[in-house]
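Just so we're on the same page: letters track the sequence lines, and every chain starts at 1. Treat the numbers as computed from the prediction; the structure is a model and nothing was measured.
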Number of protein chains: 2
Amino acid sequence: MRGEPLDAERIVSATEEVLRRHGPEKSTVLDVARLLGVSHGSVYRHFPSKAALREAVIRRWLDGVREDFAAAVQDSALAPPDRLRGLLTTMFAMKWAKAREDPELFATFRVLAAEHSTVSSGHVAFLLAQIGAIVVDGIASGDFAAGEPDVIARAILNATSRFHDPTHAEEWHSPEIEAESADVISLILDGIRAR
Amino acid sequence: MRGEPLDAERIVSATEEVLRRHGPEKSTVLDVARLLGVSHGSVYRHFPSKAALREAVIRRWLDGVREDFAAAVQDSALAPPDRLRGLLTTMFAMKWAKAREDPELFATFRVLAAEHSTVSSGHVAFLLAQIGAIVVDGIASGDFAAGEPDVIARAILNATSRFHDPTHAEEWHSPEIEAESADVISLILDGIRAR
DNA sequence: GAGATGACAGATGTCGATATTTGTCATCCA
DNA sequence: TGGATGACAAATATCGACATCTGTCATCTC
């Protein structure tokens, strides 16, 4: 750990590791400094506060999520309705997988996301844009009824919050969650389809 | 308070009052006994545990909510789509009003409801039945497309969780919540409408 | 004797004294 | 001279002694 130059990137990685080990309550910047083999004063040279450091962690984490997500929903040749179904299904499945494979870590990031709502709402904006783009295509192709794409995209995200909002993470353990999400997605697709 | 016979009903009322004053964390059965002017041993003659007492409170509270709700959505002469819109709008408005007019008390009942999930799921079953009845009518009248009423009712409740699930109570302060709920309701109505 | 009481043990909560952490900064050093 | 250090004050957290609460039950009262 020692030797290499100390930059923001390494500090963020160390912070992530400390959060992973100790959770959000018990993580201190002293822990981060110890892990890096430096004094805590050095950490404060790169980040103005503990809050800023945590924000950098959640920002980087969400950047990664967006990257994974974009890769998983490469725009296929499918028609907009199927693309939308695929996007939502993938989005839910990715969240559920993360929440289930490491609930502690997921809870940790949930705390950080709540602390830094600015970063979270940026993430929501990204999801809205992804959905909105498909809605625009669908309206253009005549698959979807005419309407305001932004309003429709928001309604879709709102109607599926139980399946993607981390607030509902506990409910994602239910074996019925997959069937229930499929039913809601079908309901939505019927709702926006052209008549 | 003294003098009258001590029955379960009076104990539940006193408990509600104590919860209202002190909140769920600080409420003790000693407080309840004090308010009633009896010893705490007497309370334990009527309820086997503090948990059972709290459960009785949340049960009675939800009974009241159902009564108010049933009164507010008296089946009108409207067609099923309008009845469904009215039911959902009323349901959300009632919750929002309660959460806003006394957030502390609402939070208290939220804690109790979470503690006693059996009671809560009974409440959900009631809501599902209300929605399901309208769906059945709508399918019969030809307003709604054919389908499994139970599945459809659950999908409707799931798609609107952001607007009725107390987990989202903080978000209900947003001025956009009303417009967003209206958009989701319209999306749902379009989704179940016969083609 | 049906119902209320209060003493009691064990569990849980409170509170102040003590220790740790956050954030700053004068100093050091390569 | 840019970057790291650790002493420091103020804010937070931890801990154990003490107080309160939960649930039981032998006893009392009407």
Bend of the helix from C:dG1-D:dC30 to C:dA30-D:dT1 from end-axis comparison, five pairs per end, nearest 10°, comes to 10°

Please give, in whole Å, the distance from D:dT22 C1' to B:Arg34 CZ? 13 Å

Identify the heavy atoms of B:Ala56 and B:Phe47 that sit nearest to each other, and give their distance. CB-CE2, 3.8 Å

Considering non-hydrogen atoms only, spot the tightest contact between A:Ser141 and A:Gly138 and give its length. OG-O, 3.1 Å

Salt-bridge criterion met for [X] and [Y] (N-O under 4.0 Å):
X	Y	answer
A:Asp7	A:Arg10	no
B:Arg60	B:Glu16	yes
A:Asp137	A:Arg83	yes

Using a heavy-atom distance cut-off of less than 4.0 Å, which residues of residues 40-58 of chain A contact DNA chain D? A:His40, A:Gly41, A:Ser42, A:Arg45, A:His46

Please check if the side chain of B:Asp31 supplies one atom and the backbone of B:Thr28 the other of a donor-acceptor pair under 3.5 Å. yes

Please answer whether the main-chain N or O of A:Pro24 pairs with a side-chain N or O of A:Ser27 as donor and acceptor at a distance below 3.5 Å. no

How would you give the extent of chain A contacts on DNA chain C, as first and last nucleotide 5' to 3' within a 4.0 Å heavy-atom cut-off? C:dT21 to C:dT24

Give the C-alpha distance, both sets of side-chain angles, the deciding distance and a yes or no for salt bridge (Lys or Arg N to Asp or Glu O under 4.0 Å) between B:Asp165 and A:Arg162. CA-CA 9 Å; B:Asp165 188 328; A:Arg162 191 164 119 88; over 6 Å; no

Tell me whether [X] shares a hydrophobic cluster with [Y], the cluster being built from Ile, Leu, Val, Met, Phe, Trp, Tyr side chains joined at under 4.5 Å.
X	Y	answer
B:Val18	B:Leu105	yes
A:Leu84	A:Val184	yes
A:Leu127	A:Leu189	yes

I'd like a list of close polar pairs between nucleotides 28-30 of chain D and the protein, N/O only, cut-off under 3.5 Å.
none

Between A:Asp183 and A:Ser186, is the side-chain hydrogen bond (donor to acceptor under 3.5 Å, both in side chains) condition met? List the steps. CA-CA 5 Å; A:Asp183 290 337; A:Ser186 294; 5.6 Å; no

Quick one about B:Asn158 and B:Ser161 (side-chain donor to acceptor, distance below 3.5 Å, no hydrogens or angles considered), yes or no? no

Can you tell me how the ring of B:Phe163 sits relative to the ring of B:Trp96, calling it parallel under 30°, perpendicular over 60° and tilted otherwise? perpendicular

With ring-ring contact (aromatic ring centres under 6.0 Å, His included) as the rule and sequence neighbours excluded, what pairs involving residues 120-151 of chain B come up? none

Counting only non-hydrogen atoms, which of residues 18-30 of chain A are less than 4.0 Å from DNA chain C? A:Thr28, A:Val29, A:Leu30

